[in-house]
There are 2 protein chains.
Amino acid sequence: MANILERPLITITNIIWSFDRATQQIQVLLVKRAHAPFKDSWALPETFMRANESADEATLRLIKEKIGLTLTEFHTEQLATFTDRRRTTDERALSLAYMTFLPEMSPLQAGYGATDARWFTFGFLKKTYQLSNQQLHFQTTNATADQYYQKLPATKSAEQLAFDHQWILTVACQRILNKLDYQPNILMILGASFTLREARTIYAIFRKTTLNAIDNSNFKKTHQHLFLEAGTTSQLRVGRPARLYRLKPQN
Amino acid sequence: MANILERPLITITNIIWSFDRATQQIQVLLVKRAHAPFKDSWALPETFMRANESADEATLRLIKEKIGLTLTEFHTEQLATFTDRRRTTDERALSLAYMTFLPEMSPLQAGYGATDARWFTFGFLKKTYQLSNQQLHFQTTNATADQYYQKLPATKSAEQLAFDHQWILTVACQRILNKLDYQPNILMILGASFTLREARTIYAIFRKTTLNAIDNSNFKKTHQHLFLEAGTTSQLRVGRPARLYRLKPQN
DNA sequence: TCAAAAGTGTTCGTAGTACACCCATGT
DNA sequence: ACATGGGTGTACTACGAACACTTTTGA
């Protein structure tokens, strides 16, 4: 009986988001894999779950390993679990995927299992989202899950993310978009407080539109119930100083 | 290195929903466990994932084992993955939780690992939902995940569902409620086609209100975009025969 | 013919959109 | 002073809620 029970490897895959205030761009962390499979391919940061470690603790350890950051307060939420057998080529592995929203853009250090670690700028291109770092570009897909996994074995190449990470990234973007109007946790990448303009910047990218296409007055009226005023104002650019807001704690 | 990697058991937990047209009640399947741990406790149907079996295939096998039903067409969707170490008492096990919406209420047969299998009527009681079968009652919780798992080790009793199934059920109800207005897959338990009254019956229960509190005229206007007319009318009760609708295929 | 249930239509209030106008700062 | 961006206010529109009214069946 025990033999037919499979005990596959449990991989924690983490999509780590942050925000670059200097360029007002959303960033996603990718690492270059040091080992096979997919050696030298870019991938979402992963780690194996260890004994006596919860998924949350594994996520925390992953962040510490990959970017040398020990956060006291940060937000991680479960995305989904990916179990399709075609997602790995050799030994079977399930992926428990999480998303982490870092309140700042930390400098990176490539940790165990990676020869490089970089922030990729998150944007959009026609109908898909895109991660860019200099000449490197990775796009999300418009395929369905069935379509994607069917074609996956044939699409192995250096231009693609490792494993099914393109699909995981696609699901992540869709989830964030869906939650923008009622639980915009993605705004946590703006840190403790933010201006309405910064919030609109993020909304604009996920909605594949421009900042100016989102009217500030209307945005305030429709989303203010999600925010709390954070009193003081900042002063970084020309024009009238903006008020600061912070995310209203949910529930 | 390999030794520190944990390979916990992978449990597939399935919340199986159906609808009893005779009594117009929502039903959830529970089984009585044949083996330790939680021997003789009621629980959500579970199975271990086997080698060379995807989570979807395991779900299909579980339905076949528990209720002897081989469906060609049915809908299963992922709920979440539960990894808290406190969820099991002995060996650690992750739970990949899925929801299945059966298009009919099948007769049951207790399969392997269960001494009994019954449909429980789904209703609500004050602030919680409740599963009832004669003198048996199981409620959802209003605690947070942290609160729930902290108290879990102390709450083992025959009056409670096994493991953290109370929490899994709570998350499931919340998910269905959240999706009622944009992707009401729960309506699949009504079968291929349904009347607006039947749809309102389901909405009423999840919203913890009464059927008559949901105005038929307004319900049609606000939710018609989710449905397609299924032409003919049924004739089962007094009054004007109702039109039939079916769920609009998503995307 | 009356009750019950389904379907249609009308009014009203609220919430989102478009847009004009005022305010505060840097150059 | 003027350009830039933030903030306020107003008119218009759309959609959901409340509810009256009509239609179709069974008893």
Side-chain angles (χ1 to χ4, degrees), chain A residues 21-25 177-184 187 190 193-246 248, chain B residues 21-25 177-184 187 190 193-246 248:
Chain A
R21 275 217 149 74
T23 61
Q24 297 279 302
Q25 287 176 327
L177 177 66
N178 285 339
K179 292 180 95 170
L180 281 184
D181 284 333
Y182 71 96
Q183 201 180 86
L187 295 184
L190 294 173
S193 63
F194 50 86
T195 64
L196 289 187
R197 160 177 280 259
E198 289 170 333
R200 281 162 51 218
T201 300
I202 291 178
Y203 277 66
I205 295 171
F206 278 97
R207 292 189 172 154
K208 301 199 184 82
T209 183
T210 63
L211 172 64
N212 288 329
I214 304 178
D215 183 275
N216 195 32
S217 169
N218 294 333
F219 181 77
K220 182 175 183 178
K221 273 183 278 188
T222 51
H223 292 83
Q224 202 173 29
H225 66 105
L226 299 166
F227 309 145
L228 292 172
E229 295 202 17
T232 51
T233 65
S234 74
Q235 188 53 37
L236 294 162
R237 66 179 70 231
V238 294
R240 178 172 173 170
R243 293 196 189 146
L244 292 177
Y245 297 86
R246 58 191 174 86
K248 187 180 282 187
Chain B
R21 275 216 149 74
T23 62
Q24 296 279 303
Q25 287 175 328
L177 177 66
N178 285 338
K179 292 179 97 170
L180 280 185
D181 284 333
Y182 71 98
Q183 201 179 87
L187 295 183
L190 294 174
S193 62
F194 51 84
T195 64
L196 289 186
R197 159 177 279 260
E198 289 169 334
R200 281 160 51 216
T201 300
I202 292 179
Y203 277 66
I205 295 171
F206 278 96
R207 292 190 172 151
K208 301 198 184 83
T209 184
T210 63
L211 172 65
N212 287 329
I214 303 178
D215 184 273
N216 194 31
S217 168
N218 294 332
F219 181 78
K220 182 175 182 177
K221 274 183 277 189
T222 53
H223 293 83
Q224 202 172 27
H225 66 103
L226 299 166
F227 309 145
L228 292 173
E229 294 201 17
T232 50
T233 65
S234 75
Q235 188 53 37
L236 293 162
R237 64 180 69 230
V238 294
R240 176 172 173 169
R243 294 195 190 147
L244 292 177
Y245 297 86
R246 56 191 175 86
K248 188 180 281 188

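Labels below follow one simple rule: chain letters A, B, ... track the order of the sequence lines, proteins then strands, and each chain is numbered from 1.
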Using a 4.0 Å cut-off on protein heavy atoms (strictly under), produce a 5'-to-3' string for nucleotides 13-19 of chain C with B for base contact, S for backbone-only sugar-phosphate contact, and - for none.
---SBBB
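Distances were taken from every side-chain heavy atom of Arg243(A) (C-beta onward) to each of dG26(D), dT24(D), dG7(D); the shortest belongs to dG7(D). The nucleotide whose nearest atom lies closest to any side-chain atom of Lys220(B) is, among dT8(C), dG7(D), dG26(C), dT8(C).
When the P atom of dA6(C) is taken as reference, atom CD of Glu229(B) falls 15 Å away, rounded to whole Å. Atom-to-atom, CG of Asn212(B) to C1' of dA17(D) comes out at 16 Å; the value is rounded to the nearest Å. Whole-Å rounding puts the His223(B) NE2 to dA17(D) C1' distance at 13 Å. Rounded to an integer number of Å, the gap from CZ of Arg240(A) to P of dC21(C) is 18 Å. Here the P atom of nucleotide dA17(D) and the CG atom of Asn216(B) are 13 Å apart, to the nearest Å. Distance Phe219(A) CZ to dG7(D) P: 12 Å, rounded to the nearest Å. Distance CZ (Arg197(B)) to C1' (dT24(D)): 15 Å, rounded to an integer number of Å. As a whole-Å value, the separation of Ile214(A) CD1 from dG6(D) P is 13 Å.
In terms of heavy atoms, Leu244(B) sits closest to Ser193(B) at CD1-OG, 3.7 Å. Nearest heavy-atom pair, His223(A) versus Leu180(A), reported as atom, atom and distance to 0.1 Å: CD2-O, 4.2 Å. Counting all heavy atoms, side chain and backbone alike, Leu187(A) lies closest to Ala199(A) at CD2-CA, 4.0 Å. Closest of all the heavy-atom pairs between Asp215(A) and Asn218(A) is OD1-N, 2.9 Å.
A donor-acceptor contact shorter than 3.5 Å links the side chain of Arg21(B) to the backbone of Leu190(B). A side-chain donor-acceptor contact under 3.5 Å links Glu198(B) to the backbone of Thr195(B).
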So Leu228(A) and Lys248(A), side-chain contact (heavy atoms from CB on, under 4.5 Å) or not? Walk me through it.
CA-CA 6 Å; Leu228(A) 292 172; Lys248(A) 187 180 282 187; 3.7 Å; yes
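The side-chain heavy atoms of Thr209(A) and Tyr203(A), taken from C-beta on, include no pair separated by under 4.5 Å.
Between Arg207(B) and Asp181(B) a salt bridge is recorded (basic side-chain N to carboxylate O distance below 4.0 Å).
Over its full length, the helix from dT1(C)-dA27(D) to dT27(C)-dA1(D) turns its helical axis through 0°, comparing axes from the five pairs at each end and rounding to 10°.
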